[in-house]
Amino acid sequence: MLEAVDLQCVRGERALFSGLGFRLRGGELLRIAGANGSGKTSLLRIVCGLLAPTLGEIRWRGEDIHGLREEFWSQLVYIGHSNAIKDDLTAAENLKITCTLAGSSASGEWIGAALRRLGLAGCESLPTRVLSQGQRRRVALARLALAEAVPLWILDEPFTALDAAAVECVQELVAQHLARGAAVVYATHYEAQIASAVSLRIDLGAPAG
Amino acid sequence: MLATLRCVIHRDLLLAMRQRSDVLTVLLFFVIVVSLFPLGVGPEPGLLRTIAPGVIWVAALLASMLALNRVFAADHADGTLEQMLLSATPLGLVVAAKVAAHWLVSGLPLVLLAPVLALQFDLPQAYFGVLVLSLLLGTPVLSLIGAIGAALTLGLRGGGALLALLVLPLYVPVLIIGAGAVEAMASGVGAQAHLLLLAAFLVVAAAFAPWVAAVALRISLE
C-alpha cells in the first residue's frame, strides 16, 4: 500500500537519514523509533507529503504521492505533534471541524460517541482552553475513532501527555484499525503494546556529530 | 467540498466572535486614524473634503494590513494549518474560504463605517455611494493580496514588518484607483471607469491569489 523508496532528508545541511526505504501493506504497523532530533517527525511529514524529501519518493498504491495530492490526503489521517485544536472552540466543535476538513462528515451523535470513547464524557461542550494537556490530546485523538474507513493513519507521538487509560484506549483503537486491514505508521519513544500481525520498526540513528 | 468551505468560513467567523477584542482593535484603529486627520489638518472644509477619500482609503489599507497576520498565524501555531494542507479539499479553496471569512470580519465593517467617518470631513452625501462601492470592491482585493504576503511571511521572525514592506507596494494600484473614484465623480467625469477597474482587480485577485497563497503556505510549512 505505502512504499518509501530511497528517502533522504537533509535539514539545515545535516543529513538526518538517507537511503531509507520501507514497504507497508494493509494490516501492518510501522513504528519509527529514535532519539530526539533523529528525524522521526521529519520522516512522518515526508510520508504525509507535508515535507518534500531531498531524494527519493513515497508511493501510495504504486503512485507517487506528489502526483496524487488530494486523492492521497483524503485517505490519510495525520495527527501531528500539535493537536490542531482551537482553544476558543468546544471539544465537539473542534472535532467536527477537523473531520469536515478531512472530507468526512460526522454527525453530532458520532462525535459525542468518539469523545466518550476517549474518556471525555462531560467535556463535549467545554471550550478546550479549560481542558488539561492530556485532555486536549484526547480531543485530537478522538478523530481516530471517527476515521475507521481511512486506510492510513500517521501518528506523531500519539501517547504524549496521555494517562494509562487513554494510552490503552488509543492502542486498542490502533489494533482494531489494523485488524480492519488498514496501515498505521507512528513515531514514539513509548514502548506501546499494540496487537498486530505484522509489526515493522525503523530505528533512526542518533544524529551524527 | 462546499461543506468544507462552509465549515472553514463558519469556523473563522465563530472564532472571531469568541475573540471579539481582536476584531474591535482593527475597527477602532481605523476610526482613530481617520479621526486624527481633521484634528491635525485643521477645520478647513474645502481641504477636508478634498482629502477625505484618500484618508479613508489609506486608513482602510493600514487597518486591513494590521489584521493580516491573523489570517494564518493562529492556525499555524496550533497545527490546524497542517491539517488544512492535508485536507481532501484543494488548499487554494480552503485559503479562499479563509480570506472570505477574514474580509467579512475585518473588511466589511470598514466599508460600513466609512460613510460615518466621511461625515467628519464634510464629504457631500451624494458621494457616499461611490465611496462605499469603491471600498466594497477594493477591500477584498486588499485581503486577497495580503493573504499571499501573510502566507509568505508565516513563521518568520519580524514577520509583521516584513509583511508590510511586501504587501504595501502591491496595494498602491488599488489605493490609486479606489481613492480616485470619488475624486473622479467630484470632477464630473463619473466614477464608472474606476469602479470597473476595481472590479477587474477583484476578479483577477480572487482567481489567482488563493492559489498563490496556497503555494506559499506549502513552502512556509516545509
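Order of the sequence lines sets the chain letters (A, B, ...), proteins ahead of strands, with each chain counted from 1. Predicted model, so just to flag it, every value in this text is computed and none were measured.
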Participant: Which heavy atom of B:R218 sits nearest a heavy atom of A:E70, and at what distance?
Facilitator: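 Closest approach of B:R218 to A:E70, heavy atoms only: NH2-OE2, 4.5 Å.
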
Participant: What part of A:L76 lies closer than 4.5 angstrom to a heavy atom of chain B: side chain, backbone, both or neither?
Facilitator: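 Only the side chain of A:L76 comes within 4.5 Å of chain B.
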
Participant: Measure distances from A:N83 to the heavy atoms of chain B and classify the residue's part below 4.5 Å as side chain, backbone, both or neither.
Facilitator: backbone

Participant: What are the two closest non-hydrogen atoms of B:T4 and A:T100, and how far apart are they?
Facilitator: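 The pair with the smallest heavy-atom distance is OG1-O, 3.5 Å.
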
Participant: Using a cut-off of 6.0 Å, state whether more than 12 heavy atoms not belonging to A:R25 lie near its atom CZ.
Facilitator: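 No, not enclosed.
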
Participant: Are there more than 12 heavy atoms of other residues, nucleotides or ligands under 6.0 Å from atom CZ of B:R157?
Facilitator: no

Participant: Does any backbone or side-chain atom of A:A140 lie under 4.5 Å from a heavy atom of chain B? Answer side chain, backbone, both or neither.
Facilitator: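 Interface part for A:A140: neither.
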
Participant: Who in residues 72-92 of chain B is close to chain A, using a strict under-4.5 Å heavy-atom cut-off?
Facilitator: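 B:A74, B:D75, B:D78, B:G79, B:T80, B:E82, B:Q83, B:M84, B:L85, B:L86, B:S87, B:A88, B:T89, B:P90, B:L91 fall under the 4.5 Å cut-off.
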
Participant: So that I can tick it off, tell me whether B:R18 and A:E93 are bridged by a salt bridge, with the cut-off set at under 4.0 angstrom between side-chain N and carboxylate O.
Facilitator: yes

Participant: Who wins among A:Y78, A:W73, A:F72 for the most heavy-atom pairs under 4.5 Å with chain B?
Facilitator: A:W73

Participant: Quick check: are there more than 12 heavy atoms from other residues, nucleotides or ligands sitting under 6.0 Å from CD of A:E109?
Facilitator: no

Participant: Does any heavy atom of chain B fall under 4.5 Å from the side chain of A:R143, the backbone, both, or neither of them?
Facilitator: side chain

Participant: Crowded around A:E63 CD? As in, over 12 foreign heavy atoms under 6.0 Å?
Facilitator: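 Open.
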
Participant: What residues of residues 194-213 of chain B make heavy-atom contacts with chain A at a cutoff under 4.5 angstrom?
Facilitator: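 When heavy atoms of chain A are the reference, residues 194-213 of chain B contributes no residue within the under-4.5 Å range.
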
Participant: Does atom CD of A:Q176 have more than 12 heavy-atom neighbours from other groups under 6.0 Å away?
Facilitator: yes

Participant: Taking CZ in A:R23 as the centre, count heavy atoms belonging to other residues, nucleotides or ligands within less than 6.0 Å. Is the count above 12?
Facilitator: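 No, because the 6.0 Å sphere around CZ of A:R23 holds 12 heavy atoms or fewer from other groups.
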
Participant: Can you find a heavy atom in the side chain of B:R11 that is under 4.5 Å from one in the side chain of A:K86?
Facilitator: yes

